**Student:** 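Sharing a structure, written as structure tokens. Questions coming.
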Amino acid sequence: MFKRILVAARGEIALRIIRCCREMDIETVAVYSKADRRSLHAAVATASVCIGPSQASESYLRGEVLIEVALKTGCEAIHPGYGFLSENPEFAKMCEKSGLVFIGPPSDVISRMGDKLAARNLMKSCGVPVVNGSNTAVRDIKSAQKTVNEIGYPVLIKASAGGGGKGMRVANDVTQLTESFETAMAEAKAAFGNGDMYIEKYIEDPHHIEIQILADRYGNIVSLGERDCSIQKNNQKIFEETPSPLPDEDLRKRMNDAAIKAAAVSEYVGAGTVEFIVDGSKNFYFIEMNTRIQVEHPVTEETSGVDLIREQIRIACGMKLGSDVHEVMHKKHAMECRINALSSGTVKFLHFPAGYGVRIESHIYNGCEIVPYYDPLLVKVIVTGNTRLEAIRRMRRALEELVIEGIETNREFMHLMLYTPDFVRGRYSTGFYEKEHLKIDEMIRSAAETLKN
């Protein structure tokens with residue numbers, strides 16, 4: 001087992017990793033930017049090192065600095081968390097060359113699955129369903145038009161090196177194609193330094209369902225079930241639950257089998273997520289594989305009883321999957337609401353909900369500064385229940401107890417969302433936010449006006 005790990009992340013995921021390491025008797029080294037000098041993750045780690053200015057490009061994204069700190073502080077491994085360099089194959093390769101263990105899949109696997117077009121073609125070759133679309137990179141509008149002529153409108157234009165909703169646009173007709181393609185390509189170049197695009201048939205209002213897998217170095221692969229991530233704002237997830245209200249047992253088995261096949265053919269090692277979209281006829285299609293721990297991993301932990309961070313570390317040490325991983329029995333329902341900052345500022349008063357079936361993952365505290373440089377995630381509220389309805393009621397109660405004063409958040413939106421008929425009935429899709437947000441925002445404004453008067 002490792003004796004000391006560098007945590008190349010910030011926020012709640014850095015805390016999550018550090019806490020897990022503490023329980024495993026592993027020392028940790030936290031890194032922080034100047035903006036994070038009073039952060040909790042820097043305070044609770046065994047040691048902490050400032051790595052640069054507030055901007056991520058000058059601190060958390062400087063792989064050579066992270067490796068230098070890891071070596072100087074006697075670390076044997078680096079855990080990248082999510083975001084920043086967690087899916088950067090060059091950083092993983094730098095770790096390997098430096099004699100450090102990258103807690104994640106090998107660099108060649110990250111590279112293979114990080115190229116969305118290459119991953120799509122790999123899945124297609126082994127019989128995992130993919131959406132009809134281009135098989136090679138599309139680099140100009142003429143090639144884009146040729147692909148569209150073959151598959152028909154509407155289409156989804158996506159960055160081959162993309163992720164997080166960046167470099168993605170929908171075109172419903174020829175008048176939208178040029179603008180959508182050029183905008184998506186420009187965004188992809190700016191975000192990923194790569195303007196290669198691909199085009200696929202746009203599946204309207206699908207469910208977005210992902211399968212959590214674990215794989216060790218000895219060919220053992222297990223699925224820990226699905227998470228429904230269909231409720232999204234601007235292609236960014238804001239709510240997740242497991243099990244999904246959509247699949248029947250046959251669809252669930254076929255998706256799990258496909259995820260295991262995807263992990264096997266990609267020679268995957270570690271914790272990963274195979275993401276699918278499911279159309280109105282319950283046909284499912286591969287979209288991508290995330291080669292890291294996910295923000296929403298706690299909902300799977302709550303229903304499976306498996307500590308995913310612990311398993312990541314054990315696998316990176318060369319250990320086989322734990323016996324508890326092979327004996328998972330999902331008996332509960334779990335949900336996660338992401339509470340995001342809508343403004344910067346100081347948290348003047350904070351109160352977290354508690355009680356049976358409530359879990360909080362957060363890095364904020366009374367008096368902390370919320371800065372504009374990083375992801376706006378403040379708190380993950382996770383609840384479990386014996387049934388979906390019990391979980392909904394528990395989440396409503398938890399959000400009513402949550403108080404964050406001093407900055408604006410989406411707490412009110414998330415709370416009211418839990419009362420919408422389509423949500424309660426489990427009839428939502430990726431179009432849910434666009435359909436409901438204006439009504440919910442008006443309810444929030446109306447309530448605010450009533451309070452003023």
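Keep in mind that this is a model prediction, so the values were computed, not measured.
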**Student:** Holding to side-chain contact (heavy atoms from CB on, under 4.5 Å), I want the full list of residues that pass it with Y365, two or more places apart in sequence or in another chain.
**Tutor:**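 Only R38, L40, C368 meet the side-chain contact (heavy atoms from CB on, under 4.5 Å) criterion with Y365.
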**Student:** Are any of the side-chain heavy atoms of K380 and V295 separated by less than 4.5 Å?
**Tutor:**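 Contact flag for K380/V295 side chains = yes.
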**Student:** Should R338 and E296 count as an ion pair when the cut-off is N to O under 4.0 Å?
**Tutor:**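 Here R338 pairs with E296 in a salt bridge, since their nearest N and O are under 4.0 Å apart.
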**Student:** With sequence neighbours excluded, what pairs up with F84 under the ring-ring contact (aromatic ring centres under 6.0 Å, His included) test?
**Tutor:**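 ring-ring contact (aromatic ring centres under 6.0 Å, His included) list for F84, sorted by chain: Y60.
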**Student:** Does L308 offer a backbone N or O that forms a donor-acceptor pair with the side chain of E301 under 3.5 Å?
**Tutor:**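 Judged by distance alone, yes, a pair lies under 3.5 Å.
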**Student:** Should E302 and K332 count as side-chain neighbours, where that means a heavy-atom distance under 4.5 Å?
**Tutor:**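 Contact flag for E302/K332 side chains = no.
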**Student:** Could R445 and E442 be called an ion pair, given the rule that one side-chain N must be under 4.0 Å from one carboxylate O?
**Tutor:**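 So R445 pairs with E442 through a salt bridge.
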**Student:** Quick one, M123 and M113 - any side-chain contact, counting heavy atoms below 4.5 Å?
**Tutor:**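 Yes. Closest side-chain heavy atoms under 4.5 Å.
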**Student:** Rounded at 0.5 Å granularity, tell me how far OG in S362 sits from CD1 in I404.
**Tutor:**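 Those atoms lie 7.0 Å apart.
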**Student:** I need the full list of ring-ring contact (aromatic ring centres under 6.0 Å, His included) pairs touching residues 224-256, with sequence neighbours left out, sorted by first then second residue.
**Tutor:**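 Matches after skipping sequence neighbours: F239-F423.
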**Student:** With a 4.5 Å limit on heavy-atom distance, are the side chains of I17 and H41 in contact?
**Tutor:**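 Not in contact.
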**Student:** Is there any ring-ring contact (aromatic ring centres under 6.0 Å, His included) pair reaching into residues 430-453, and which pairs are they, with sequence neighbours excluded?
**Tutor:**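 Residue pairs with at least one partner in residues 430-453: F413-Y433, Y433-H437.
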**Student:** Looking at residues at least two apart in the chain, or sitting in another chain, which of them share a side chain to side chain donor-acceptor pair (under 3.5 Å) with T409?
**Tutor:**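 So T409 forms no side chain to side chain donor-acceptor pair (under 3.5 Å) with any residue.
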**Student:** Return the set of residues passing ring-ring contact (aromatic ring centres under 6.0 Å, His included) with H415 (not counting sequence neighbours), or none when no residue passes.
**Tutor:**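 If we apply the ring-ring contact (aromatic ring centres under 6.0 Å, His included) test to H415, skipping adjacent residues, the hits are Y419.
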**Student:** Could you walk me through whether H333 and E241 satisfy the side-chain hydrogen bond (donor to acceptor under 3.5 Å, both in side chains) test, starting with their C-alpha distance in whole Å, then the side-chain angles of each, then the deciding distance to 0.1 Å, before giving a yes or no?
**Tutor:** CA-CA 7 Å; H333 201 103; E241 67 176 305; 2.6 Å; yes
**Student:** Just jot down the side-chain contact (heavy atoms from CB on, under 4.5 Å) partners of D257, sequence neighbours excluded, or say none.
**Tutor:**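 Partners of D257 under the side-chain contact (heavy atoms from CB on, under 4.5 Å) test: K253.
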**Student:** Which residues pass the ring-ring contact (aromatic ring centres under 6.0 Å, His included) test with H207, sequence neighbours left out?
**Tutor:**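 ring-ring contact (aromatic ring centres under 6.0 Å, His included) list for H207, sorted by chain: Y428.
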**Student:** What are the two closest non-hydrogen atoms of V131 and Y285, and how far apart are they?
**Tutor:**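 Heavy atoms of V131 and Y285 come nearest at CG2-CB, 3.4 Å.
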**Student:** For L66 and I78, which heavy atoms make the closest approach, and how far apart are they?
**Tutor:**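 Heavy-atom minimum between the residues: O-CD1, 4.4 Å.
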**Student:** Quick one: do D422 and T420 satisfy side-chain hydrogen bond (donor to acceptor under 3.5 Å, both in side chains)? Show the steps, please.
**Tutor:** CA-CA 6 Å; D422 281 349; T420 58; over 6 Å; no
**Student:** With sequence neighbours excluded, tell me which residues meet ring-ring contact (aromatic ring centres under 6.0 Å, His included) with F284.
**Tutor:**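 F276.
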**Student:** Side chains of E436 and K439: does their closest heavy-atom pair fall under 4.5 Å?
**Tutor:**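 Answer yes - side chains close enough.
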**Student:** Any pair with a residue in residues 10-29 that passes ring-ring contact (aromatic ring centres under 6.0 Å, His included), sequence neighbours left out, goes on the list, sorted by first then second residue, please.
**Tutor:**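 Every candidate ring-ring contact (aromatic ring centres under 6.0 Å, His included) pair involving residues 10-29 fails, so no pair, neighbours aside, qualifies.
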**Student:** Heavy-atom count around K201 NZ within 6.0 Å, excluding the residue itself: above 12?
**Tutor:**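 Yes, enclosed.
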**Student:** Side chains of E401 and V358, heavy atoms from C-beta outward: is any pair under 4.5 Å?
**Tutor:**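 Not in contact.
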**Student:** Measuring only between side-chain heavy atoms, which start at C-beta, is M289 closer than 4.5 Å to S266?
**Tutor:**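 Result yes, sub-4.5 Å side-chain heavy-atom pair found.
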**Student:** I'd like to check Q294 versus T300 (side-chain heavy atoms, cut-off strictly below 4.5 Å). Are they in contact?
**Tutor:**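 No. Closest side-chain heavy atoms not under 4.5 Å.
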**Student:** Under the side-chain contact (heavy atoms from CB on, under 4.5 Å) test, which residues partner N88, sequence neighbours left out?
**Tutor:**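 Counting only residues at least two positions away or on another chain, N88 forms a side-chain contact (heavy atoms from CB on, under 4.5 Å) with L85, E90, F91.
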**Student:** Could you list the donor-acceptor pairs under 3.5 angstrom formed by side chains in residues 183-190, with sequence neighbours left out?
**Tutor:**
unit_1	atom_1	unit_2	atom_2	d
T183	OG1	E179	O	2.8
E187	OE1	G167	N	2.5
E187	OE2	R169	NH2	3.3

